[in-house]
Amino acid sequence: MRNERFNVDSVIEALKSCLPIEQEKVALHEPYFGGNEWKYVKECIDTGWVSSVGKYVDQFEQKLAEYTGVKRAVAVVNGTAALHVALKIAGVIKDDEVIVPTLTFIATTNAITYCGGIPHFADCEERTLGLDPYKLDVYLQEIAEVKTDGCFNKKTGRRIKAVLPMHTFGHPVDLDPLVEVCQKFKLELIEDAAESLGSFYKGRHTGNWGKLSTLSFNGNKTITTGGGGAILTNDEELGKMAKHITTTAKLPHKWDFYHDQVGFNYRLPNINAALGCAQLEQLPEFLAQKRILAERYIERFSSMHGMKIFRETNFSKSNYWLNVLLLESDYKQYRDTILEATNIAGIMTRPAWILMHKLSMFTSCPHMDLAVAENIEARLINIPSSVKLSKHRM
Ligand SMILES: *Cc1c(COP(=O)(O)O)cnc(C)c1O
């Protein structure tokens with residue numbers, strides 16, 4: 001009786017009307033190579049500079065820093081490695097707790113455990129799909145104690161070292177109040193900006209707010225290097241340290257191999273950086289195309305019952321990396337029906353990640369009330385968002 005108007009075919013119809021008609025199978029997020037990719041990659045091969053050093057690595061790092069407005073960007077093999085090193089450099093050590101949203105991709109949480117740290121799961125807010133700074137504040141007032149040497153969890157006795165928010169599907173978290181909470185409780189802010197290259201909070205790029213931040217250039221991200229990532233920071237010293245420990249911690253010398261600590265071989269190969277340089281040149285165009293598609297979805301779904309396309313807040317500019325179809329609460333029982341029918345129809349859709357605190361490795365980790373994240377998880381569907389989908393329509 002309540003939802004007699006629900007008809008899965010109307011959802012498929014609405015999606016199709018926003019997508020290029022000639023396409024039989026529509027992926028969630030495909031890379032787009034429309035610039036100097038061939039030229040730059042060919043140059044790497046022709047000159048032999050394909051591996052651990054080369055001009056494209058330097059160029060890519062410089063262009064990334066310029067675009068995001070940070071002092072230093074360090075290119076690495078992937079976003080997970082970037083997170084590992086950012087947390088390590090921020091001082092996360094064994095048995096430190098790190099506050100992280102339960103609604104995130106596994107990489108964010110894994111990186112905490114690589115440092116010996118313990119994820120401490122936080123809830124999201126529906127406005128941003130990201131970590132809720134107000135709820136976190138109230139929660140920390142209850143469970144945390146700030147001492148001269150940092151913030152401590154009164155329940156576990158462990159130090160809480162950092163907060164690691166993630167800009168979900170490209171939508172910036174509410175950074176101003178979050179920065180305040182971090183200052184109040186002496187917590188380091190590290191942003192997982194893997195999904196938010198091209199997203200701005202109050203005019204300043206995401207990833208330019210934390211002590212350190214990270215990007216990913218995996219094949220499904222806004223720009224890709226095949227695989228790749230970067231660490232961003234405004235602290236020159238931390239930037240140097242990031243470069244040093246991601247390149248085996250070797251001291252420069254004409255022939256001696258002297259390493260002054262245990263480092264990592266996390267550097268991005270030149271051939272991948274070449275792809276990155278070509279992709280970065282097209283970023284403004286990619287963002288414009290992605291916005292066209294998002295606006296088309298928003299418009300089309302505005303007349304649908306029981307669901308809407310998630311929109312950026314008035315304090316942010318989103319890259320609309322992955323568009324979100326959000327069902328109203330009394331439509332959430334149709335989530336799987338929609339997933340099933342759209343995928344059968346050749347339109348790839350997928351649900352949100354299973355929340356981190358539900359995964360067997362993390363069930364014993366501390367967490368606050370996670371009701372909002374649970375509710376979002378049950379109602380969220382990602383829909384096709386590739387750059388090329390906005391083009392050649394009809
Ligand atoms: C993509 C992604 C990463 C990094 O993934 P890699 O595949 O290692 O580059 C990290 N966090 C989030 C939220 C991501 O979506």
Side-chain angles (χ1 to χ4, degrees), residues 27-31 60 64 73-88 90 92 98-115 117 119 121-122 124 128-131 162-173 189-199 206-207 209-210 212-232 242 246 264-269 272-273 275-276 279-280 290 310 318-324 350-357 359 362 373 376-377 380 382 385-386:
L28 207 57
H29 206 289
E30 283 180 290
F60 188 47
L64 276 174
V74 175
V76 294
V77 281
N78 57 53
T80 311
L83 280 163
H84 179 192
V85 169
L87 288 164
K88 189 178 163 64
V92 174
V98 176
I99 307 278
V100 65
T102 188
L103 180 65
T104 189
F105 176 56
I106 188 78
T108 327
T109 315
N110 277 344
I112 297 168
T113 64
Y114 298 166
C115 297
F121 297 113
C124 294
T128 65
L129 303 177
L131 206 156
V163 179
L164 179 56
M166 193 275 284
H167 305 292
T168 318
F169 305 125
H171 296 286
V173 303
L189 176 65
I190 301 154
E191 299 169 71
D192 181 351
E195 304 183 352
S196 65
L197 180 65
S199 299
T206 51
W209 294 76
L212 293 140
S213 303
T214 62
L215 298 172
S216 166
F217 311 114
N218 190 36
N220 63 345
K221 294 285 161 48
T222 303
I223 68 164
T224 186
T225 57
I231 300 156
L232 308 179
T246 54
F264 303 92
N265 180 16
Y266 279 175
R267 59 190 135 204
L268 185 72
N272 299 81
L275 261 184
Q279 288 268 287
L280 205 48
K290 289 175 72 63
F310 188 82
S318 176
N319 64 4
Y320 284 101
W321 171 55
L322 276 191
N323 282 288
V324 167
R350 65 161 206 216
W353 310 280
I354 289 174
L355 299 175
M356 292 297 114
H357 72 282
L359 301 179
F362 304 125
I376 291 172
E377 180 203 30
L380 188 149
N382 283 125
S385 302
S386 307

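Counting starts at 1 for both ligands and their atoms, following the listed order. Remember, it's a predicted structure, so these values are computed and weren't measured experimentally.
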Please report which non-hydrogen protein atom sits nearest to [atom], along with the residue it belongs to and the distance in Å to one decimal place.
{"atom": "atom 15 (O) of ligand 1", "answer": "Glu195 OE2, 2.5 Å"}
{"atom": "atom 3 (C) of ligand 1", "answer": "Ala194 CB, 3.6 Å"}
{"atom": "atom 1 (C) of ligand 1", "answer": "Lys221 NZ, 1.4 Å"}
{"atom": "atom 6 (P) of ligand 1", "answer": "Gly79 N, 3.6 Å"}

Worksheet item: Under the criterion side chain to side chain contact (heavy atoms under 4.5 Å, CB included), which of Val76, Thr109, Leu164 is the partner of Leu83?
Response: Leu164
Within the 4.0 Å heavy-atom shell around [X], which atoms of ligand 1 are there?
{"X": "Ser216", "result": "1 (C), 4 (C), 5 (O), 6 (P), 9 (O)"}
{"X": "Met166", "result": "13 (C)"}
{"X": "Thr108", "result": "11 (N), 13 (C)"}
{"X": "Thr80", "result": "4 (C), 5 (O), 6 (P), 8 (O)"}

Worksheet item: Do any N or O atoms from the side chain of Ser216 and from the backbone of Ala194 form a donor-acceptor pair under 3.5 angstrom?
Response: no
Worksheet item: When you check the side-chain N and O atoms of His29 and Ser385, is any donor under 3.5 Å from an acceptor?
Response: no
Discussion item. Quick check on Leu359: does its CG atom have over 12 non-hydrogen neighbours (other residues, nucleotides or ligands) under 6.0 Å away?
Written reply: yes
Item to complete: Please determine if Asp192 has a nitrogen or oxygen closer than 3.5 Å to a nitrogen or oxygen of ligand 1.
Response: yes
Discussion item. For Ile231 and Thr246: C-alpha separation, side-chain torsions, deciding distance, then whether side chain to side chain contact (heavy atoms under 4.5 Å, CB included) applies.
Written reply: CA-CA 10 Å; Ile231 300 156; Thr246 54; 4.2 Å; yes
Fill in: Between CD on residue Gln279 and OG1 on residue Thr224, distance to nearest 0.5 Å
6.5 Å
Worksheet item: Does Phe362 have any ring-ring contact (aromatic ring centres under 6.0 Å, His included) partners at least two apart in sequence or in another chain, and if so, which?
Response: none
